[in-house]
Amino acid sequence: MNLKPESVDITMKSIVILISGLGSNLRALLEADMPCRVAAVISNRVDAPGLEIAKQHGITTRVVAHHSHPDRESFDSELALCIDDYRPDLIVLAGFMRILTPQFVARYQNKLINIHPSLLPAYSGLNTHARALRDGVKIHGCTVHFVTSDVDHGPIIIQAAVSVLMDDTPVTLAARVLHQEHRIFPQAIRWFCNDDIYLSAEGKVLMKRLEQPGCALVSPEMG
Ligand code: GAR
């Protein structure tokens, strides 16, 4: 008989992760060492491959299908009811491809974070890698931020930058950015769950324990 006490730490924060697709960020989060409990993974698509990843990790999965709702308000209401079943401290959008209503965002104010594949505020919206390549930018990247009703413009928690290479295509650039997404997303959640970050009166994310090396990424490299 196993008499070991339950290993769930009840003081730990709990999170709910929302996905729409492949779930590579979800996988990175589930494989990372994070000081929180993943209470559930919710998808707006029944065929999202990420649901299988969650199941493999023994995480409860739920589907709230957007196409069975007549409008955003009714979808968001059902989504909120589903989320609230788990009373999470944080809701994590990990490739969740739905625009959320202001009412939904207000309900989870300062408890909702998103990852976006660009260095915000540049390239909000879709097709970020192709647009960056078209503009000829030399540095591109990804951002984790708090969600506000201004889509892709909430307070920034962490960003990672990559060099744009001369022979990059949207696919090769996306792969390098995605690799960085998988690094910074768990870090942002770790900071949140350990209460290491807070929002200033001006609405900026600040760190409680500040250690900034002040390094620079120059691209292309200087001769
Ligand atoms: C990621 O690149 C994420 O940044 C992006 O969708 C992809 C999901 O991939 N999110 C957005 O564009 C949100 N605006 P994943 O399902 O493999 O994690």
Side-chain angles (χ1 to χ4, degrees), residues 15-32 34 38 40-57 59 61-66 72 75-76 79 90-102 104-105 108 111-135 137 139-162 164 168-190 192:
I15 70 174
V16 162
I17 302 177
L18 272 49
I19 61 164
S20 297
L22 283 182
S24 74
N25 274 291
L26 169 67
R27 185 192 297 280
L29 296 178
L30 295 178
E31 289 178 356
M34 292 200 302
V38 181
V41 169
I42 305 173
S43 172
N44 63 305
R45 311 185 74 102
V46 70
D47 57 352
L51 287 170
E52 204 41 52
I53 296 173
K55 284 178 193 153
Q56 282 163 11
H57 281 79
I59 310 282
T61 60
R62 302 274 296 267
V63 174
V64 179
H66 65 272
R72 282 191 199 285
F75 169 69
D76 281 7
L79 183 61
L90 178 69
I91 298 112
V92 174
L93 308 183
F96 186 69
M97 305 306 278
R98 299 292 305 165
I99 292 179
L100 296 161
T101 54
F104 182 96
V105 172
Y108 300 111
K111 292 173 65 175
L112 188 57
I113 66 172
N114 178 46
I115 188 150
H116 183 77
S118 78
L119 291 173
L120 292 174
Y123 306 116
S124 57
L126 298 174
N127 303 319
T128 57
H129 310 302
R131 287 158 59 209
L133 285 173
R134 213 174 301 134
D135 286 346
V137 298
I139 295 175
H140 184 50
C142 48
T143 303
V144 181
H145 65 99
F146 283 103
V147 175
T148 60
S149 51
D150 193 3
V151 177
D152 293 335
H153 279 90
I156 292 171
I157 301 170
I158 186 170
Q159 296 183 300
V162 302
V164 178
D168 259 331
T169 65
V171 172
T172 59
L173 184 54
R176 285 205 312 292
V177 171
L178 194 61
H179 181 68
Q180 297 306 318
E181 293 185 33
H182 298 164
R183 296 180 62 216
I184 65 172
F185 213 4
Q187 178 64 77
I189 294 171
R190 232 175 264 132
F192 181 95

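When a ligand or atom number is given, it counts from 1 through the structure's own listing order.
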Nearest-contact summary for atom 5 (C) of ligand 1 - protein heavy atom, Å: P117 CD, 3.9 Å
S20 side chain vs M97 backbone, donor-acceptor pair below 3.5 Å: yes
Side-chain heavy atoms of I139 within contact of V164, under 4.5 Å: no
Shortest protein contact, atom 14 (N) of ligand 1 (heavy atom only): H116 ND1, 3.3 Å
L22 neighbourhood, listing ligand 1 atoms whose heavy-atom distance to it stays under 4.0 Å: 16 (O), 17 (O)
Modelled atom types, side-chain donor and acceptor of H129 and H140, under 3.5 Å: yes
side-chain contact (heavy atoms from CB on, under 4.5 Å), paired with L18, selected from V41, L100, I91: I91
For atom 9 (O) of ligand 1, closest protein heavy-atom neighbour: N25 ND2, 4.1 Å
For E181, atoms of ligand 1 separated by under 4.0 Å from a heavy atom: 1 (C), 2 (O), 3 (C), 4 (O)
Heavy atom of the protein closest to atom 10 (N) of ligand 1 (residue, atom name, distance): I115 O, 3.6 Å
Protein contact to atom 16 (O) of ligand 1 [nearest heavy atom, distance to 0.1 Å]: G23 N, 2.8 Å
Close-contact set for ligand 1 against L178 heavy atoms, below 4.0 Å: 2 (O)
Distance-only side-chain donor-acceptor flag, S24 / H182, under 3.5 Å: yes
Test item, M97 contacting ligand 1 (heavy atom, 4.0 angstrom): yes
Atom 8 (C) of ligand 1 [closest protein heavy-atom partner, distance rounded to 0.1 Å]: G95 CA, 3.6 Å
Salt bridge (charged side-chain N to carboxylate O under 4.0 Å, His left out) between D168 and R176, worked out: CA-CA 10 Å; D168 259 331; R176 285 205 312 292; 2.6 Å; yes
Heteroatom proximity flag, S24 to ligand 1, N/O under 3.5 Å: yes
Any N/O pair D152/ligand 1 closer than 3.5 Å: no
No-hydrogen, no-angle side-chain donor-acceptor test under 3.5 Å, Y123 and D135: yes
Mutual orientation of the aromatic rings belonging to H66 and F75 [parallel < 30°, tilted 30-60°, perpendicular > 60°]: perpendicular
